[in-house]
Amino acid sequence: MIPFTTLTGIAAPMLRANIDTDLIIPKLFLKTLVRTGLGRHLFAELRYDNEGHEAPNFVLNQAPYRQATILLAGPNFGCGSSREHAPWALLDFGIRCVIASSFADIFYNNCFANGILPIALPIAAIEDLAAASGPLTVDLQAQTVAVAGRLHPFDIDPARKASLIEGLDQIGRSLANLPAIEAFEARRSRETPWL
Amino acid sequence: MSPGARTLYDKIWEAHLVEIRGDGTSLLYIDRHLVHEVTSPQAFEGLRLAGRPLRRPKAILSVADHNVPTRKREAGIADATSRLQVEALEANVQAFAVPYVPLLDDRQGIVHVIGPEQGFTLPGATVVCGDSHTSTHGAFGALAFGIGTSEVEHVLATQTLPQRHSRNMRVHFEGSLPDGLGAKDLALYLIGRIGTAGGTGHVMEFAGRAVRALSMEGRMTLCNMSIEAGARSGLVAPDDTTFAYMKGRPMAPAGPLWEQALANWRNLPTDEGATFDRELRLEVGDLAPQLTWGTSPESVVAITGQVPDPGTAPSAAEREGILRALEYMGLQPGTLMEDVPIQVVFIGSCTNGRIEDLRAAARVALGRKVATGVRALVVPGSGLVKRQAEVEGLDRIFLEAGFEWRQPGCSMCLAMNDDRLEPGERCASTSNRNFEGRQGRGGRTHLVSPEMAAAAAVMGHFTDVRRLLEAR
């Protein structure tokens with residue numbers, strides 16, 4: 001996983017509520033066997049018309065947002081399906097950070113597994129970020145989002161912060177504690193043998 | 001509050017702690033892992049690339065369900081990318097010696113239907129799957145939640161997951177549901193009340209008289225939809241209804257082990273005096289059938305109601321949201337829900353594809369005809385549900401009424417196979433999501449119960465099913 005420390009980039013505003021993972025990456029594209037190449041299908045039903053042409057009104061089809069590395073959204077971003085194809089598509093497009101007023105659980109977890117930083121901020125702060133014209137700077141160590149000299153601090157769980165900054169292999173970390181897993185299994189076989 | 005009194009969720013949580021990491025996370029042991037073709041290929045590939053073995057193949061049950069055709073399956077899967085994904089699953093389960101239910105097996109079906117059906121899902125167990133509707137299994141008093149593909153890989157490699165403890169929430173459904181209403185109405189009513197983020201960060205236990213009265217199928221419907229309320233998991237305490245459903249299932253414990261398990265399971269329910277972070281009481285004795293009008297599962301109205309007026313929205317953002325949904329759905333404010341015509345009916349999915357759901361729909365369809373111009377599909381949740389329905393003659397009732405009787409799978413719930421809506425088509429669907437494009441690009445989905453779906457099919461528009469039942 002690519003570590004996340006700081007990021008300066010263009011933030012694309014999509015401030016509607018309840019952007020679900022079906023909208024982020026429609027089911028057609030879940031038939032892939034790999035994690036890569038989904039960026040061109042990100043938000044496909046909003047981004048392209050029925051003939052596959054770009055919809056000019058959609059934010060990611062407009063300059064400078066084609067180069068966006070940050071997404072700004074409203075409440076309950078990433079609700080619905082557990083598909084990790086949603087963060088894969090965001091990442092493949094170039095989005096490394098989503099700033100929303102709240103997130104759905106599974107999507108939030110999936111971001112961290114892919115080096116994407118999800119930041120929850122009050123809607124007023126997000127509107128302030130969306131109104132700014134220049135790039136934003138996200139500093140994970142300092143837990144701030146900066147724009148035009150203004151700083152918006154954010155909260156993040158320390159364990160999740162550390163895993164993003166270090167780009168930790170979570171499976172390796174769990175396997176390092178194999179003896180505890182084996183001991184648990186031995187006890188479980190004695191106490192609840194039907195499992 | 002009683003000292004030491006614990007919730008059902010806390011009991012399962014504590015019984016599965018492998019390690020408390022001291023950074024707010026704990027390593028939780030995973031007892032049961034359901035695997036399907038869409039969210040697993042990259043996880044198996046990850047294992048291969050890292051050279052890691054699969055830790056416990058016997059903890060897994062795998063099946064193809066999302067991509068599978070629901071007719072002429074014997075002839076193979078025509079769509080090349082769908083076929084490749086199912087073939088990839090078959091190759092992976094063979095390579096890693098994972099138990100698999102083949103596509104043409106009678107037991108094949110939607111992963112969340114076959115897990116309980118086979119007795120794979122057990123009370124007090126932790127159950128995961130790369131699928132958000134894993135919450136379904138909470139109906140058995142199992143801690144069950146959906147995970148991403150990286151987490152699928154984590155479970156394949158370690159049989160554990162790092163987790164954070166959720167908050168405890170309890171929803172009491174008080175009163176007795178009127179005839180013609182079921183668990184789907186409870187779920188929609190709840191989501192309409194608290195919203196799709198109303199349960200975020202919580203494990204939601206369902207309690208109260210109306211829940212105790214539900215069959216296991218109904219409890220599965222309710223827990224299935226808890227994810228649409230944003231909850232981490234849904235839970236119903238196991239009781240005699242649970243045990244009667246489970247006894248004798250192929251993968252459930254038997255003989256002395258059954259007795260030993262039963263003694264353990266009887267201690268699972270939330271202790272008297274345990275505290276919840278949040279409690280909600282809903283009186284449902286006078287509830288009318290519920291359905292959605294918009295593009296979020298929280299856009300709920302009663303069948304006696306009408307399409308909402310954006311002018312009454314409390315904020316500009318909400319007004320904009322309603323306007324966008326009305327435009328997508330092609331609806332006018334103030335239209336009576338009973339006046340909204342439909343072109344397609346879908347009865348099936350992990351929400352409402354079980355035998356009781358088909359019985360409920362058949363009860364309405366019996367002796368009636370699908371309205372002219374309506375295409376109505378019945379897709380059983382599994383081969384065993386299909387067989388049972390055929391034994392009971394439900395297939396004849398549906399076919400004589402003009403419904404299509406299909407082979408099992410996820411089908412039009414998410415339209416990854418050939419079953420999908422055309423742009424602008426309006427569907428009464430027993431599935432779980434009415435998101436834009438969910439059932440096909442431009443398709444318009446209204447979530448309903450199986451009874452209400454059957455009523456819409458025979459009338460050609462939404463109808464208060466209670467009236468059709470009274471007419472018997």
Side-chain angles (χ1 to χ4, degrees), chain A residues 15-18 20-23 26-28 30-35 45-46 50 74-76 79-88 102-107 109-110 112-114 123 157-160 162 169-175 177-178 180-181 183-185 188 191-195, chain B residues 18-19 21 23-25 27 29 31 38-39 41-42 45 50 52 66-67 81-82 84-85 88 122 124-125 130-132 146-151 153-154 157-160 162 164 196-197 200-201 230 232 253 257-258 260-261 264 296 317 320-321 324 414-416 423 433 435-438 441:
Chain A
L15 295 194
R16 62 194 267 187
N18 300 322
D20 58 74
T21 53
D22 273 84
L23 204 60
K27 75 281 234 148
L28 248 72
L30 307 188
K31 299 185 187 185
T32 178
L33 301 177
V34 297
R35 295 171 195 243
E45 291 185 3
L46 299 176
N50 288 333
N76 204 26
C79 61
S81 161
S82 63
R83 58 189 70 169
E84 199 163 316
H85 308 68
W88 294 339
S102 64
F103 291 90
D105 271 347
I106 303 177
F107 175 83
N109 288 332
N110 285 343
F112 289 97
N114 292 283
I123 194 72
D157 175 283
R160 285 180 156 135
D169 167 19
Q170 293 295 336
I171 296 178
R173 186 178 174 199
S174 293
L175 281 178
N177 216 350
L178 201 55
I181 299 173
F184 182 93
E185 285 180 334
R188 175 179 173 278
E191 293 174 0
T192 54
W194 59 88
L195 285 172
Chain B
V18 173
E19 181 198 3
R21 288 176 165 175
D23 59 1
T25 68
L27 199 61
Y29 194 79
D31 296 313
V38 178
T39 56
Q42 296 87 349
E45 185 62 13
R52 286 174 174 141
H66 283 60
N67 269 296
T81 48
S82 289
L84 273 178
Q85 204 164 43
L122 298 175
D131 192 287
S132 59
I147 56 178
T149 298
S150 296
E151 292 173 309
E153 185 182 339
H154 199 120
T158 71
Q159 210 55 43
T160 66
R164 284 160 185 75
T196 51
T200 303
R232 185 88 183 122
L257 262 190
W258 170 263
Q260 196 186 346
N264 175 289
S296 163
E320 212 175 292
R324 191 189 304 111
L414 86 167
M416 271 190 83
R433 290 189 175 131
F435 298 154
E436 286 180 24
R438 170 80 178 181
R441 187 171 183 149

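A quick note: this is a predicted structure, and the numbers were derived from the prediction, not measured.
- For chain A, the nearby part of B:Asn67 is the side chain; its heavy atoms alone come within less than 4.5 Å.
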Between B:Arg232 and A:Ile106, is a side-chain contact (heavy atoms from CB on, under 4.5 Å) present by the stated rule, with each step listed? CA-CA 8 Å; B:Arg232 185 88 183 122; A:Ile106 303 177; 4.1 Å; yes

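- Between A:Glu45 and B:Gly437 the shortest heavy-atom distance is OE1-CA, 3.5 Å.
- The contact between B:Thr158 and chain A is made by backbone and side chain atoms together, counting heavy-atom distances below 4.5 Å.
- Interface remark: of the candidates B:Asp131, B:Leu84, B:Thr39, B:Asp131 forms the most heavy-atom pairs closer than 4.5 Å to chain A.
- When heavy atoms are compared at a cutoff of 4.5 Å, B:Gln260 approaches chain A by way of both its backbone and its side chain.
- Residue B:Leu122 touches chain A through its side chain alone, counting heavy-atom pairs closer than 4.5 Å.
- Both the backbone and the side chain of B:Ala415 come within less than 4.5 Å of a heavy atom in chain A.
- Across all non-hydrogen atoms, the minimal contact from B:Glu436 to A:Leu23 is OE1-CD1, 4.0 Å.
- There is no contact between A:Ile123 and chain B, counting heavy-atom distances below 4.5 Å.
- Here the shortest heavy-atom pairing between B:Arg433 and A:Gly80 reads NH2-C, 3.1 Å.
- Note: B:Arg52 leads B:Glu153, B:Glu19, B:Arg52 in heavy-atom pairs under 4.5 Å with chain A.
- With a 4.5 Å cut-off on non-hydrogen atoms, B:Thr160 touches chain A through its side chain but not through its backbone.
- When all heavy atoms of A:Pro193 and B:Leu257 are compared, the pair lying nearest together is CG-CD2, 3.6 Å.
- For chain B, the option among A:Arg83, A:Gln170, A:Glu185 with the highest count of heavy-atom pairs below 4.5 Å is A:Glu185.
- B:Asp23 and A:Arg173 are joined by a salt bridge, as a carboxylate oxygen and a charged side-chain nitrogen come within less than 4.0 angstrom of each other.
- For A:Lys27 against B:Leu414, the heavy-atom pair with the smallest separation is CE-O, 3.0 Å.
- With a 4.5 Å cut-off on non-hydrogen atoms, A:Ser174 touches chain B through its backbone and its side chain both.
- Between B:Arg438 and A:Asp20, no side-chain nitrogen of the basic residue sits less than 4.0 Å from a carboxylate oxygen of the acidic one, so the salt-bridge criterion is not met.
- In terms of non-hydrogen atom pairs under 4.5 Å with chain B, the most contact-rich of A:Ile171, A:Ile181, A:Thr192, A:Leu175 is A:Ile171.
- For chain A, the nearby parts of B:Thr196 are the backbone and the side chain; heavy atoms of each come within less than 4.5 Å.
- Looking at A:Thr32, both its backbone and its side chain come within 4.5 Å of chain B, counting heavy atoms on both sides.
- With chain B as partner, the option from A:Ala180, A:Ala17, A:Ser81 having the largest number of non-hydrogen pairs under 4.5 angstrom is A:Ser81.
- Considering only heavy-atom pairs separated by less than 4.5 Å from chain A, the leading option among B:Thr25, B:Thr149, B:Val38, B:Leu27 is B:Thr149.
- If you measure heavy-atom distances from A:Phe107 to chain B, you find no contacts under 4.5 Å at all.
- Remark: side-chain polar atoms of B:Glu151 are not paired, donor with acceptor, to backbone N or O of A:Ala113 under 3.5 angstrom.
- Only the side chain of B:Ala88 comes within contact range of chain A, with at least one heavy atom under 4.5 Å from a heavy atom of that chain.
- If you measure heavy-atom distances from B:Gln159 to chain A, the contacts under 4.5 Å come from the side chain alone.
- Remark: the backbone N or O of B:Ser150 is paired with a side-chain donor or acceptor of A:Glu84 at under 3.5 angstrom.
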Please report the C-alpha distance between A:Arg188 and B:Asp31 in whole Å, then the side-chain angles of each, then the deciding distance to 0.1 Å, and finally whether the side-chain contact (heavy atoms from CB on, under 4.5 Å) criterion is met. CA-CA 10 Å; A:Arg188 175 179 173 278; B:Asp31 296 313; 2.8 Å; yes

